[in-house]
Amino acid sequence: MGWSQVCDNQWSSNKDDYVKRTLIKHVLASTEYGSTVMVAGWVRTRRDSKGGFSFLEINDGSAFSGLQIIVPGELDNYESDVLRLTIGSAVAVEGELVESPGAGQSVEVHAARVRAFGFADPEEYPLQKKRISFEKLRELAHLRARTNTFGAVARVRNALAYATHKFYQERDFLYLHTPMITSSDAEGAGEMFQVTTLDLAAPPRLDGEVDYSEDFFGKPTYLTVSGQLGAETYALALDRVYTFGPTFRAENSNTRRHLAEFWMIEPEVAFADLADNADLAEDYVRYLFRYILDRCSDDLEFFNKWVDDGLLARLASITDTDFERITYTEAVEVLEKADAEFEYPVNWGADLQSEHERYLTEVAYGKPLIVTDYPADIKAFYMRRNDDGKTVAAMDVLVPSVGEIVGGSQREERHDVLLDSIRAKGLPEEHYWWYLDLRRFGSVPHSGFGLGFGRLVQFATGMQNIRDVIPFPRTPNSAEF
RNA sequence: UCCGGGGUAGCUCAAUCGGCAGAGCAGCGGACUGUUAAUCCGUUGGUUGGGAGUUCAAGUCUCCCCCCCGGAGCCA
């Protein structure tokens, strides 16, 4: 049986086959009144009428809205099952699709059969119809997908992931799987989680030091903090590639914008300079928001109403306006002239602080902003040195509310300059032999960036905390579920 | 990690100067009803995060610890 048949309404009353159901989003869009439909999902609320029937609202996650079921009291299992269907119970319903006389929905189903699957004891079930705080729902991460908010987050996150692949595939980018276990800290992007099979209580030792030659890989290994360097190797053979996978940072970061495990998208393009890179980032981000505005309108309207009332206007403005582009030096000038109090002083050579980034994107320009050409001293070794000798071809995309969402650069393609940077930053050059090889053999200018997928979902939904846009967030002290 | 704010009923919160631990919602019982977070009446429900201390008396004051949230740093 093909998947399309599963989604089709092929249900037969002779067979107890509840796989052949119609997803609620298709039922809600249907106008085939009088037809028989089969639906299944989880009960959101039941209201009983002493007129001898019950209203059942069920949701299967396929749409923001649930489906109203009218259950007549004459059903055999009305007393035994239907009246026990409280919030959280799982149920399947066969019935007739009809136009609804009520105000809250256009269609409803008059049940001919109701099959109760798992009940949910209302004394025990932690979710309730009233609003529960996001903090409490984090403790209920195994159940929170059943709420309006987290169902909507999951659908928008999915749409953004799909749109990401669609965008890059349509542009002939090759999807690349870079390793999650790495033997070097070459990326230099933060503290790393160590991966080992050694007995931590009694590791083998040699001259007092832990003897990693006995470890699984024969040397210390870590979870990756970035797929960039691997992506560069493939871009310098296959022209344009992207990664989309998990990355890990063992930083003790406790903010609404950081996770210890998060997903990142990293495109890398050969024969591309910083301007090409900025064009790609802008096209990509605008493509994503246009996609969800088209495909996730119910979910976004919900977020706009209950989570962030400026969301829809902000998303629409981004799809309609070009991003502003300024250099770091220009940004510093704007900040120095700004009529605002900053906790941290602004001076050329210092990195932009969160408050500076937010001022630029929220106050000074009021839209997404691409800042380029940062001082070399505050940026990574692999970024291409500009002719002024002081700055590098780096770029950050800043958006209102979230701040930095994209960080990227043109990569240093000149072997001697790269080697000089590695030495100047005091990095162990023996770890970079293969990375330097790329500059010895067929080197070309190339560029890429990283986009934090969680921050993208935050921006797209208005959700304040990144822990609420991933199913099971990993943060310091927290790896439940 | 630093700064600040918190932890009280299943949930969201209140509790004045240190003086009998409360409300709404949920649950449960009943009434009513093509309902829409239904409504109305009644009702169950507490080791006030943990530990120690001050006091006649501690949710409240002091100390230690744990956890959560916001901001900062790190960064995506």
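Just so we're on the same page: letters track the sequence lines, and every chain starts at 1. Small disclaimer: the values here were computed from a predicted structure and weren't measured.
Annotation: side chain of A/Val153 is not in contact with side chain of A/Val156 (no heavy-atom distance under 4.5 Å).
Aromatic rings from A/Tyr291 and A/Phe167 are positioned such that their centres are separated by 6.0 Å or more. Proximity of the aromatic rings of A/Tyr168 and A/Tyr284 is defined here by a centroid distance below 6.0 angstrom, and this criterion is met. Taking the six-membered ring where the residue is Trp, the centroids of A/Phe193 and A/Tyr222 are separated by 6.0 Å or more.
Counting any heavy atom pair closer than 4.0 Å across all strands shown, A/Arg44 reaches no nucleic acid atom. At a threshold of 4.0 angstrom between heavy atoms, the contacts of A/Asn254 include nucleobase atoms, whether or not backbone atoms are also involved.
For the pair A/Asn252 CG and B/C75 C1', the computed distance is 13 Å after rounding to whole Å. One interatomic measurement links the two molecules: CZ of A/Arg467 to C1' of B/C67, which rounds to 12 Å at whole-angstrom precision. The nearest whole Å value for the distance from the CZ atom in A/Arg474 to the C1' atom in B/A76 is 19 Å.
Between A/Tyr435 and A/Glu232, the side chains place a donor N or O and an acceptor N or O closer than 3.5 Å (distance only, hydrogens not considered). Under 3.5 Å, the side chains of A/Arg249 and A/Thr247 contain no donor-acceptor pair of N or O atoms.
Taking atom C1' on both B/G29 and B/G46, the two are 23 Å apart, rounded to the nearest angstrom. Look at the C1' atom in both B/G49 and B/G34: the space between them is 47 Å, to the nearest Å. Look at the P atom in both B/G4 and B/C65: the space between them is 15 Å, to the nearest Å. Taking atom C1' in both B/A52 and B/U44, one finds a spacing of 35 Å when rounded to whole Å. Nucleotides B/C63 and B/G71 are separated by 27 Å at their P atoms, to the nearest Å. Nucleotides B/G70 and B/G30 are separated by 44 Å at their P atoms, to the nearest Å.
Between A/Arg257 and B/G71 there is no side-chain N or O to OP1 or OP2 distance below 4.0 Å.
B/C61 has its base anti relative to the sugar, with a glycosidic angle deviating from 0 by more than 90°.
Under the Watson-Crick and G-U wobble criteria, each requiring two contacts below 3.5 Å, nucleotide B/U55 is left unpaired. The base-pairing partner of B/C2, taking Watson-Crick or G-U wobble contacts with both distances under 3.5 Å, is B/G71.
Residues A/Glu261 and A/Leu352 both approach RNA chain B. Their nearest nucleotides, taken by heavy-atom distance, put A/Leu352 toward the 5′ side. Annotation: of the two residues near RNA chain B, A/Leu451 and A/Thr255, the 5′-most nearest-nucleotide partner is A/Thr255.
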Quiz item: Can you give one letter per nucleotide of nucleotides 27-39 of chain B, going 5' to 3': B for a protein heavy atom under 4.0 Å from the base, S for sugar-phosphate only, - for none?
Solution: SS---BBBBBBS-
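Ring-plane geometry between A/Tyr175 and A/Tyr242 is classed as parallel, the angle between the planes falling under 30 degrees on a 0 to 90 degree scale with a further cut at 60.
Counting atom types as modelled, A/Arg138 pairs no side-chain N or O with a base atom of B/C69 as donor and acceptor under 3.5 Å.
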